[in-house]
Amino acid sequence: MIKSIIAGVGGYLPEKILTNFDLEKMVETSDEWIRERTGIQSRHIASDEQTTSSLAVLAAKEALKNAKISGDEIDLIILATTTPDDTTPATAMRVQAELGAINAFAFDVQAACSGFMYALSVADKFIKTKSVKTALVIGAETLSRIVDWKDRNTCVLFGDGAGAVIVKGEEETEENKDTGIINIILHSDGRLRDLLTTTGGVSRTQTAGFVHMEGREVFRHAVTNLSNVAQELIDTSNIKLSDVDYLVPHQANLRIIEGTAKKLDIPMEKVIVTLPEQGNTSAASIPLALYEGVKSQKLKKGDLILLDAMGAGFTWAGALIRL
Ligand code: UT7
């Protein structure tokens, strides 16, 4: 049997930082409101020269370095994003070219904030069916480009960044028996698409549009969906919640993260939180949190990690992996 092993993690955040105090000068808001309602203090913003693909390439290079492999060893690149460089071709194509991943095939996945989980699930299936051996899975966003900087309901929430993971297929042995991707569950409900959307799109308006969110409604669904999918994972994986070493959640709102952790009875010391310094980076948030966890040595080899995400669509997802 083939296992999907996490062989390396990388991340990149643009240099420019936008604080809550900077936002106070742009819209009618306050550092206090943003911190209390969201937990966010600052976020990173791409420079004019940077694009989703350029952030993705830097995150991918870090992941390749940590996995000790080169670009030409990648068989598959999946890039999750809501903010592609171009309408076509896929942003993953620029990444492929920049990495010299000449032996890979590459494409994008669009599942908003759950995008990385969707992409990881697709990579896992390609690996487990022996179609590919080594996959690069990226979540990358320049959300600052589709945020209406005059709308205080949304502009305080989002940030730019990229995270990447190398997933490798390995024949199961005594040594790797319990490691790798154990289970991923994906969900969506298109009836709720208008609660978190953009005001435009290629076919509808020939513009990218701006993010629009019914925050309170999204919030209400988030804690329920995230804790339900986590429970579903546990129920179908022959694993107990008390076995989980760390929760690595999508970073949208600290109250959502705390609410979900509480429902699952996971103490906050066992939750990776990057939200205060990064804001919501959509598809990039989970790989960036994984990267932060590994870099800070909180996440160690052998740890059982529960990932969860929820975003526009609605889409939501959960995964269990052992490093
Ligand atoms: O990543 C995808 C998933 N996304 C999420 O999970 C986000 C889910 N939603 C949320 O995180 C929260 O709903 C928000 C942070 C977006 C909003 O927090 P809230 O506690 O739900 O606030 P609210 O929307 O109910 O607004 C409360 C008040 C309103 O004023 P009134 O109508 O009570 O007078 C808003 O106009 O806060 C006002 N408000 C603000 N005030 C200062 C909204 N945004 C701001 C702001 N600064 N930036």
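Both backbone and side-chain heavy atoms feed into the values below; hydrogens, waters and symmetry mates do not. If you read the sequence from its start, that first residue is 1, and numbering goes on from there. Each ligand, and each atom within it, is numbered from 1 in the order the structure gives.
- Ion pairing of D160 with R145 is absent here, as no side-chain N (NZ or NE/NH1/NH2) approaches a carboxylate O to less than 4.0 Å.
- For G10 against E62, the heavy-atom pair with the smallest separation is CA-CG, 3.6 Å.
- Salt bridge present: K3 and E172 bring a charged side-chain N and a carboxylate O closer than 4.0 Å.
- Remark: ligand 1 and H250 share an N or O pair separated by less than 3.5 Å (distance only, no angle test).
- Closest to atom 20 (O) of ligand 1 among all protein heavy atoms lies R37 NH1, 2.9 Å.
- In terms of protein heavy atoms, atom 6 (O) of ligand 1 is closest to I256 CD1, 3.1 Å.
- Counting atoms of ligand 1 from 1 in the listed order, those under 4.0 Å from a heavy atom of N153 are 43 (C), 44 (N).
- Annotation: atom 1 (O) of ligand 1 to nearest protein heavy atom, N280 ND2, 2.7 Å.
- Nearest residue to atom 2 (C) of ligand 1 from C113, A283, C155 is C113 (criterion: closest heavy atom).
- Proximity to T38 (heavy-atom distance under 4.0 Å) selects the following atoms of ligand 1: 15 (C).
- Residues F105 and S131 are not in side-chain contact: their nearest non-hydrogen atoms beyond the backbone lie 4.5 Å or more apart.
- The single protein non-hydrogen atom nearest to atom 18 (O) of ligand 1 is R255 NH2, 3.6 Å, given as residue, atom name and distance.
- Contact check for T281 versus Q251: no side-chain heavy atoms found under the 4.5 Å cut-off.
- Using a 4.5 Å heavy-atom cutoff, the side chains of L233 and L306 are in contact.
- Which parts of ligand 1 touch N253 is read off a 4.0 Å heavy-atom cut-off, strictly below it: atoms 10 (C), 11 (O), 12 (C), 15 (C).
- Protein heavy atoms come within 4.0 Å of atom 36 (O) of ligand 1.
- Geometrically, ligand 1 and R152 share a nitrogen or oxygen pair separated by less than 3.5 Å.
- At the shortest separation from atom 4 (N) of ligand 1 among protein heavy atoms lies V218 CG1, 3.7 Å.
- For atom 40 (C) of ligand 1, the nearest protein heavy atom is under 4.0 Å away.
- Atom 48 (N) of ligand 1 is approached by the protein to below 4.0 angstrom, counting heavy atoms only.
- Remark: among candidates E24, M310, R216, the nearest residue to atom 26 (O) of ligand 1 is R216, based on non-hydrogen atoms.
- At a 4.0 Å heavy-atom cut-off, ligand 1 touches T29 through backbone and side chain alike.
- At a 4.0 Å cut-off, not a single heavy atom of I34 sits close enough to ligand 1 to count as contact.
- Within ligand 1, counting atoms from 1 as listed, the ones closer than 4.0 Å to a heavy atom of A252 are 1 (O), 4 (N), 5 (C), 6 (O).
- For the ligand labelled ligand 1, residue L196 lies inside the 4.0 Å heavy-atom shell.
- Of the candidates W33, F219, F158, W33 brings a heavy atom nearest to atom 42 (C) of ligand 1.
- A side-chain contact (heavy atoms from CB on, under 4.5 Å) with Y246 holds for exactly one of V271, I272, L307, I266; it is I272.
- Close N/O approach between G215 and ligand 1 is found [any backbone or side-chain N/O within under 3.5 Å].
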